[in-house]
Amino acid sequence: MNFGEFTKNLKSEFENRLPDVFERVKNSPTYPVAPQFQKENPKSVKSLRFVIAACAVVIFILAAMVPVILYSPKTTSPGLAFIELTVEALGDDGAAASASSDEKLMIGLVTAGGEIAAVHANEAGRILLSNENLVGLKVKTALGRIAALTRAMGYTGVGYTGAEKSAKALVVSVAGSDKKTALAVKADAEQGAAEYFFLNKVPAVVVTGDLDKEKLVERARQFDPNADITMSVAKLTEILRDNRAFLSSEVMLAYHDSDALHEMKELYRRKMFAVLATKTENFIDEVYHGDRDAAFARVIALLNEYYQKASAGNAYINGKNVKTDALKAGDIVDNIVGILNTVEGYQSAAEKEAFISFAVGFRECLRGITEDFSVKCIEGKRVIAAYGDVGFAFLEHLGNLVELTSFEDMMHYVESEFFEIVDTFDNSLFADAVAEKDKDAYLAGLEKVVTLNYIEVKKQAEISISSTITVIMEWDSLDDYYAWANAILSSAQN
Amino acid sequence: MDRHELDKYMIRFRAGDESAFEVIYNETQRGLFSFVLSICKNYHTAEDMLQNTYIKMRAGIAGYEPGSNALAWLFTIAKNLTLNELQKRKKEVYTDFDLGSLENEKKFEGEPVSSPLLDIIMDNLSPSEAQIVLLHLVSGYKHREIADMTKKPLGTVLWSYRNAVGKLKKIIEKEDAR
């Protein structure tokens with residue numbers, strides 16, 4: 001039985017075993033309760049509806065009065081959206097760095113225009129902001145100011161009255177009743193967080209307040225099944241931090257320099273992918289008048305042509321033959337356009353121009369990705385994602401399992417094919433392994449590189465292992481990883 | 001059916017169109033079942049979880065936000081229900097779905113999947129790999145969709161998938177050699 005047959009049989013086996021719960025679901029007593037009730041007791045339903053409506057009106061009136069009571073001077077200001085911007089500081093241990101009964105350094109009320117309308121700070125927050133007035137500032141600017149102050153105080157100024165904890169991360173959360181504005185403020189806060197990370201080297205966590213405590217809980221539960229909904233955000237982020245959790249695009253968790261660096265690269269990569277997508281759309285629209293299939297076919301044809309040329313030993317980059325000479329990743333990245341220039345099958349100058357434009361986007365995208373080769377970060381578990389694409393390209397190469405059923409697949413194919421080139425020629429240590437299509441040898445080659453990196457890094461500086469080593473394996477725990485790395489180091493030193 | 005179309009049916013169902021539910025069910029049951037099966041690795045539990053997912057979905061349909069990712073929503077319900085079930089049974093199971101390290105995950109006690117090829121998958125792949133393989137090979141989702149639904153990076157999904165296929169191929173070869 002080959003893999004194709006296995007898949008076919010698996011599908012059929014699965015179909016046969018697929019339970020049909022449709023009727024059971026439909027007949028479930030939990031639904032539809034209300035319609036049945038209505039049928040039997042229409043009067044009761046009517047009176048129930050009346051009571052509910054009356055309650056809703058009362059609640060609405062009361063809710064409307066709350067901001068009037070709390071923020072009466074501001075309620076006259078049009079566009080006040082009651083968006084809360086909360087800033088917390090986390091110490092080494094993940095607990096709040098400001099030892100106060102009120103853990104929040106400050107809570108800002110943000111207008112619909114994204115400006116700080118009012119600030120409430122706890123004692124530590126007041127110390128931090130002693131001469132600063134954040135009111136009227138944009139969220140991004142305000143966060144930058146807070147980060148700069150935190151840094152100016154040596155990271156330790158946030159802790160006070162004996163606590164003396166250093167703030168290792170600022171947690172910024174945004175919550176509000178107006179989702180649209182909250183999201184806009186969140187985007188602003190994320191931008192601010194990204195910028196102040198670079199400017200001030202203060203790690204930051206941005207969470208989206210009201211919509212994300214649930215998400216944090218859900219995420220934290222993946223690491224700690226006992227995570228409780230009643231936990232504070234600080235506690236939840238602590239769990240996540242201890243597990244080196246990465247909170248996808250919605251939440252940026254950057255509590256550690258190296259992690260943050262990686263995160264930034266991910267953001268850069270995504271941004272570059274957006275550029276690539278735009279270039280691709282232009283490519284399709286301008287030359288193929290929106291015909292994706294035709295564009296797709298041409299890309300594949302051009303790639304095939306290039307590979308024929310390359311495998312015949314007739315493709316060169318920086319004077320090096322891509323088939324026989326070892327190339328550096330940088331060679332490839334900087335010469336994607338050059339590669340495409342060597343292709344000869346363009347049907348028109350316009351097609352070539354459009355394709356090159358597409359390649360420029362791709363090159364930028366790839367640059368963002370290949371920088372991961374040298375990202376000196378990532379603890380065991382994280383690295384698998386960073387190397388996933390590369391490893392995938394290699395496995396794809398070995399298994400020849402290209403799936404090209406859609407334009408998206410094609411995009412990915414292009415990506416992985418270039419990865420393959422980068423990967424294959426990036427290091428001569430892999431040359432034999434690649435030539436032999438030997439996955440184990442390939443992995444051993446990578447491991448060797450890892451080891452060399454590790455020793456080199458240790459020679460250069462006493463930097464923590466976790467922040468300086470590139471690893472390729474998935475470790476069950478960080479301790480396992482350290483044990484492995486230390487064993488390698490001692491054997492090398494001996 | 002793409003996510004926008006599914007979203008349309010979700011909106012219809014939310015508005016009270018019962019016939020839309022049947023479409024939603026038919027469109028999603030394979031994916032959901034393979035998803036929960038890969039987590040609990042027990043046929044009957046997976047069946048229960050599938051049923052409960054739809055019940056919960058129906059009960060909570062008012063909370064569905066039009067325009068959002070309906071599949072991801074359903075998968076989240078299914079995952080939470082299954083994890084709660086795992087918790088309830090006090091079995092030691094890793095729940096770190098995004099970062100791997102699931103090799104040691106234990107199966108539920110009770111009846112296993114009991115289907116030769118599915119058993120091969122359940123016995124030899126990590127839950128995360130089994131999940132991706134089933135969603136892709138059996139349920140026909142694209143890797144990008146799987147990444148979206150399971151909230152994993154695309155690279156991780158692709159990597160896991162290729163790893164899993166490699167393992168399966170070796171097993172098939174071994175079986176053939178016998």
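Naming convention: chains lettered A, B, ... in sequence-line order (proteins, then strands); numbering from 1 in each chain. As the structure is a prediction and not an experimental result, all values here were calculated from the model. Heavy-atom basis, side chains included; hydrogens, waters and symmetry copies ignored.
Atom CG of B:L117 sits about 12.5 Å away from atom CZ of A:F14, to the nearest 0.5 Å.
Listed here is the closest heavy atom pair of A:P19 and B:Q29: O-OE1, 3.5 Å. Shortest non-hydrogen contact noted between B:L137 and A:K11 is O-CE, 2.9 Å.
For the set B:V138, B:L134, B:L50, the count of heavy-atom pairs under 4.5 angstrom toward chain A peaks at B:V138.
Of the atoms belonging to A:D20, heavy atoms from both backbone and side chain fall under 4.5 Å from chain B.
In this structure, B:Y54 has its ring center at least 6.0 angstrom away from the ring center of A:F22.
The main-chain N or O of A:V21 is found under 3.5 Å from a side-chain atom of B:Y25 such that the two form a donor-acceptor pair.
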